[in-house]
Amino acid sequence: MLSPEGFRETYSEADLAEELPNSPIGSLRDLQYLYGKLYTLATTGGGEYAPYLTPDAADDLIDTEDSLIAVRVDVSNDQPRLATDNIGPIQLTRYTDGLVQQVSHCKYSAARGIDHSVTHQAGRNSDPEKLARYAKERLTAWAMDDVVQKVAGAHDDGWIIDQLAELAENEQVLESIEDGVIKSLGGESATALLTVQVRTEPNGEYRWPGEIDVFLEAMRERKLSKLVTKNKANDSSGDATDLVTGRPSRTVGTSEDPQNYYLGKQLEKFPGLDIEEAWRSHPISEDAAVTVMNAEAFVEACTYRTFGTKVYYLPYFFGRISPEKAYNLYGLLYRALSGDEDTTPIEDAYIKRRELDIDEADLRFYVSAVMPHQMSRYDVFGETLNGRLQYPRELAFTHNRLVENISAFNTQNDWTAPLPTNESWDLISTNNQRLHSVSTGWYFYQTFGERDDADADADDPRIEALVSVLGGEPIPVEILLGEYVDRIISEETDDEYDEFPSFLVASQFAQLCALADGDLGLLTTTDPSKEPITREPRYEEHTMDIPDSLATDGGYPAETKLESFIEDTPALTPLSGEESVTSERRGAFLLGALVGDIGSYQEYSEDRSTTLVDQYPVKSITRSRIKKITQETIAKTLTYTRQEKKGGKSYPGTKAEHIVDRLRETILDPDPDEWEIGTDDLRFYYALGITYGMNDHPDWNQTETDQQADLEEDY
């Protein structure tokens with residue numbers, strides 16, 4: 001296969017323009033046709049028969065010993081005979097790059113019959129007897145095949161094939177072929193191509209199949225014959241307009257498909273499909289069908305497995321492709337096919353195009369998630385022709401910016417940030433592999449409900465979210481909340497975990513904030529009460545140190561932090577207007593914050609193994625129970641307040657007063673019995689509150705650093 005540089009040198013812009021489709025990419029079929037065209041040009045070149053060859057089928061035999069066995073036939077006289085020159089009737093040689101075109105191999109599934117071409121590929125390490133049988137079948141099977149004989153009858157050089165068939169009836173000739181193959185191999189097994197060489201002129205050269213037009217035409221017709229009989233059709237062909245080229249032609253209805261997407265068995269795509277009439281509902285010309293089949297190598301190179309499915313990422317340029325864009329596209333496909341790194345085509349495209357304007361919108365990706373059930377039947381779970389590089393790329397950058405610079409996840413004073421970070425947790429630490437995480441679906445695997453990936457589900461929301469992000473389509477926020485809560489409850493009840501999954505909740509919230517980024521717009525809802533969740537938070541960015549001289553008192557840091565976090569989170573504080581559900585969501589968050597705060601106190605100061613966090617897990621929170629839980633939590637808070645004051649501590653009001661006062665104001669008016677908030681909404685923000693409350697304490701790391709600095713200064 002030509003390298004990208006070789007491809008550019010071999011095909012000038014003018015020559016390439018002649019080969020490219022005239023219409024823009026508008027369907028998967030258009031895309032497969034373009035891939036097949038580029039692949040053919042890079043492997044077998046142009047020409048009438050180039051799309052029918054399969055040069056990669058035997059590429060592992062290139063330049064290996066005893067990899068090509070030719071039966072040499074002389075038909076230059078009245079009677080055909082085996083060669084009698086100094087080489088003899090059998091030539092055992094090395095299959096080289098220079099012979100690929102001349103041998104003209106067209107492979108067909110070994111389980112279904114002989115290869116389309118007179119050249120046949122044997123299995124690995126076939127014994128001499130089997131290779132001898134394959135050698136004889138070049139005459140006894142291929143030359144006598146019905147389709148081949150029909151071509152011979154209509155072609156001016158058909159007599160050459162007839163001579164081979166005549167020779168096949170001579171038992172002495174067949175014995176000579178068998179003896180010659182076994183003797184040339186010296187009794188050793190081999191992996192080889194088997195073909196013929198034919199001399200048609202007295203004193204002429206023995207020519208390979210690729211040099212004899214009738215052999216190529218017979219190969220072509222044998223391959224085409226399979227395009228109209230798949231799935232037990234008798235003849236699924238007819239005259240119609242080719243859906244790829246737009247030209248009238250003989251079209252076929254049951255051709256093979258690199259993704260098994262348009263096969264007759266895909267009844268969900270073609271309800272009521274009549275196999276015999278498939279060419280009417282899906283007309284594609286014979287040559288276009290074969291070109292599409294040649295896309296397989298590039299298509300397979302642009303796949304990735306995730307969530308139990310096979311995901312296709314097929315890059316292309318929007319609109320009618322120019323030669324320059326075709327060069328670039330070929331480079332992308334070539335690297336996907338030949339690269340060793342475990343990267344997706346989206347990452348490869350980003351690496352090559354990072355110096356270009358990332359907002360350039362002409363590079364697109366066809367994305368689909370497919371579940372293969374059988375060899376010839378797939379289910380397509382998600383699909384878009386509008387995947388774009390900038391969405392996964394910007395989402396990756398936005399997420400890293402959030403967890404690195406935004407005040408929700410970091411702080412510049414001696415009090416902790418609202419939410420925890422941890423270098424061991426991918427979504428709450430910066431990661432230079434974020435684009436890989438987004439483009440492979442790992443981004444959602446970490447936060448959505450867990451599933452058995454051995455049994456992929458058409459309704460798997462992780463697939464829906466992945467395809468949506470790659471296509472720039474918004475994800476319903478209801479899906480996120482449902483999946484987040486399922487995962488939280490699952491980990492809370494799993495015996496493997498003995499702590500509240502605060503890092504998981506922080507990861508989910510970071511993801512929610514990134515998807516809500518205003519420029520990306522990857523969140524949506526049809527429920528007005530959840531619309532504030534889709535808005536971008538307004539957290540402060542800490543991109544540089546604040547000089548001590550500008551530091552403000554700020555009052556009680558915990559109170560200031562809580563007020564700031566709530567005001568900067570649109571889901572907890574709407575911009576204006578109706579806020580009934582928003583205040584209910586804020587109430588759930590504040591209850592969680594108090595449960596987390598007091599729970600941490602119980603664990604670290606009271607040394608209790610069971611805390612309020614354990615007593616009130618996320619799955620226990622409902623609209624009907626939240627009032628009672630609030631009253632019990634506040635009562636417990638007052639109990640600890642009295643205990644501490646009796647123990648000598650002195651502070652005004654109650655313990656965690658900055659939460660308690662807000663909670664009293666929010667959760668009791670209106671009465672929770674009259675609340676409208678959905679259960680997933682209620683539970684997720686309660687879980688977020690617990691995470692907040694557990695992290696709401698002096699920054700011990702910062703305090704230790706300051707104390708160490710003071711000691712060093714004193715010393």
Side-chain angles (χ1 to χ4, degrees), residues 1-7 9-11 38-74 82-83 85-108 110 114-128 130-132 134-135 137-138 142 177 180-186 188-200 204-213 215-216 218-220 223 294 296-297 334 337-338:
M1 177 177 288
L2 294 173
S3 67
E5 295 75 20
F7 189 87
E9 291 173 0
T10 303
Y11 298 103
L38 294 175
Y39 176 82
T40 301
L41 291 172
T43 53
T44 57
E48 182 180 3
Y49 300 110
Y52 295 83
L53 305 180
T54 55
D56 288 344
D59 61 352
D60 59 335
L61 300 182
I62 298 290
D63 282 333
T64 60
E65 292 289 342
D66 301 339
S67 51
L68 181 61
I69 301 172
V71 178
R72 306 178 72 240
V73 178
D74 184 353
L82 295 178
D85 60 6
N86 58 343
I87 296 176
I90 302 297
Q91 182 179 18
L92 180 62
T93 186
R94 181 187 289 260
Y95 181 53
T96 63
D97 274 326
L99 287 175
V100 171
Q101 292 281 1
Q102 297 181 67
V103 167
S104 298
H105 182 213
C106 180
K107 185 172 178 55
Y108 187 53
I114 62 174
D115 288 338
H116 297 309
S117 55
V118 68
T119 301
H120 174 71
Q121 185 174 4
R124 299 196 68 81
N125 294 320
S126 297
D127 58 54
K130 182 176 289 187
L131 292 172
Y134 291 152
E137 286 178 351
R138 304 308 88 216
W142 188 86
I177 293 174
V181 171
I182 294 174
K183 182 179 179 181
S184 62
L185 288 169
E188 298 293 330
S189 298
T191 306
L193 289 171
L194 298 106
T195 189
V196 298
Q197 269 191 297
V198 182
R199 184 169 75 172
T200 56
E205 298 291 332
Y206 281 85
R207 294 186 287 164
W208 296 99
E211 300 169 302
I212 303 174
D213 186 77
F215 281 17
L216 294 170
M219 169 201 69
R220 178 179 183 274
K223 188 162 187 172
N294 287 343
E296 183 170 7
Y334 179 86
L337 184 63
S338 58

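This one's a predicted model, so the numbers in the text were calculated from it and none came from an experiment.
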Seminar exercise, completed: CD1 (Ile69) and CZ (Arg138) are apart, to the nearest 0.5 Å, by 11.0 Å

Exercise. Do Tyr206 and Val73 have side chains that get closer than 4.5 Å, going by heavy atoms?
Worked result: no

Exercise. Between Thr10 and Phe7, is there a donor-acceptor pair closer than 3.5 Å when you use the side chain of the first and the backbone of the second?
Worked result: no

For this session: Could you tell me whether a side-chain N or O of Tyr134 sits under 3.5 Å from a main-chain N or O of His120, the two making a donor and an acceptor?
Result: no

Seminar exercise, completed: Tightest non-hydrogen contact, residues Ser117 and Cys106, listed as OG-N, 2.9 Å

Problem set entry | Within-4.5 Å side-chain heavy-atom neighbours: Ser189 and Ser126 | no

For this session: Specify the closest pair of heavy atoms between Val118 and Val196, including all atoms of both residues, with the distance to one decimal.
Result: CG2-CG2, 4.0 Å

Problem set entry | Check: Tyr95 main-chain N/O paired with Ser67 side-chain donor or acceptor under 3.5 Å | yes

For this session: State the CZ-CD distance between Arg220 and Glu48, to the nearest 0.5 angstrom.
Result: 6.0 Å

Seminar exercise, completed: Between Thr44 and Gln101, the two heavy atoms sitting closest are O-NE2, 2.8 Å

Problem set entry | Residue among Asp115, Thr195, Thr119 satisfying side chain to side chain donor-acceptor pair (under 3.5 Å) with His105 | Asp115

Exercise. How long is the span from the CG atom in Leu193 to the CG atom in Leu131, to the nearest 0.5 Å?
Worked result: 11.0 Å

Exercise. Is a donor on one side and an acceptor on the other found under 3.5 Å between the side chain of Trp142 and the backbone of His116?
Worked result: yes

For this session: Might you point out which heavy atoms bring Leu216 and Pro209 nearest each other, and give the distance in Å?
Result: CG-O, 4.0 Å

Exercise. Got a second to check how far Leu2's CG is from Leu38's CG, nearest 0.5 Å?
Worked result: 11.5 Å

Problem set entry | Minimum heavy-atom distance between Ile182 and Ala132, given as atom pair plus value | CG1-CB, 4.3 Å

Problem set entry | Test item: Glu188 side-chain N/O and Leu185 main-chain N/O as donor-acceptor pair under 3.5 Å | no

Exercise. What pairs of residues pass the salt bridge (charged side-chain N to carboxylate O under 4.0 Å, His left out) test when at least one of them lies in residues 90-102, not counting sequence neighbours?
Worked result: Glu65-Arg94

Problem set entry | Beyond-backbone contact of Arg124 with Asp60, side-chain heavy atoms, under 4.5 angstrom | yes

Problem set entry | Nearest non-hydrogen partners of Ala83 and Gly88, listed with the distance | CB-O, 3.6 Å

Exercise. Who are the side-chain contact (heavy atoms from CB on, under 4.5 Å) partners of Ser184, not counting sequence neighbours?
Worked result: Ile90, Leu92

Problem set entry | Inter-residue atom distance Lys107.NZ - Leu53.CG, 0.5 Å rounding | 14.5 Å

For this session: Give a yes or no answer on whether the side chain of Asp127 reaches the backbone of Lys130 with a donor-acceptor pair at less than 3.5 Å.
Result: yes

Problem set entry | Pairwise side-chain contact, Trp208 with Ser104, heavy-atom cut-off 4.5 Å (strictly under) | no

Exercise. Any salt bridge between Arg199 and Asp85, counting N to O under 4.0 Å?
Worked result: no

Exercise. Atom OG1 of Thr54 and atom NZ of Lys223: how far apart are they, to the nearest 0.5 Å?
Worked result: 6.5 Å

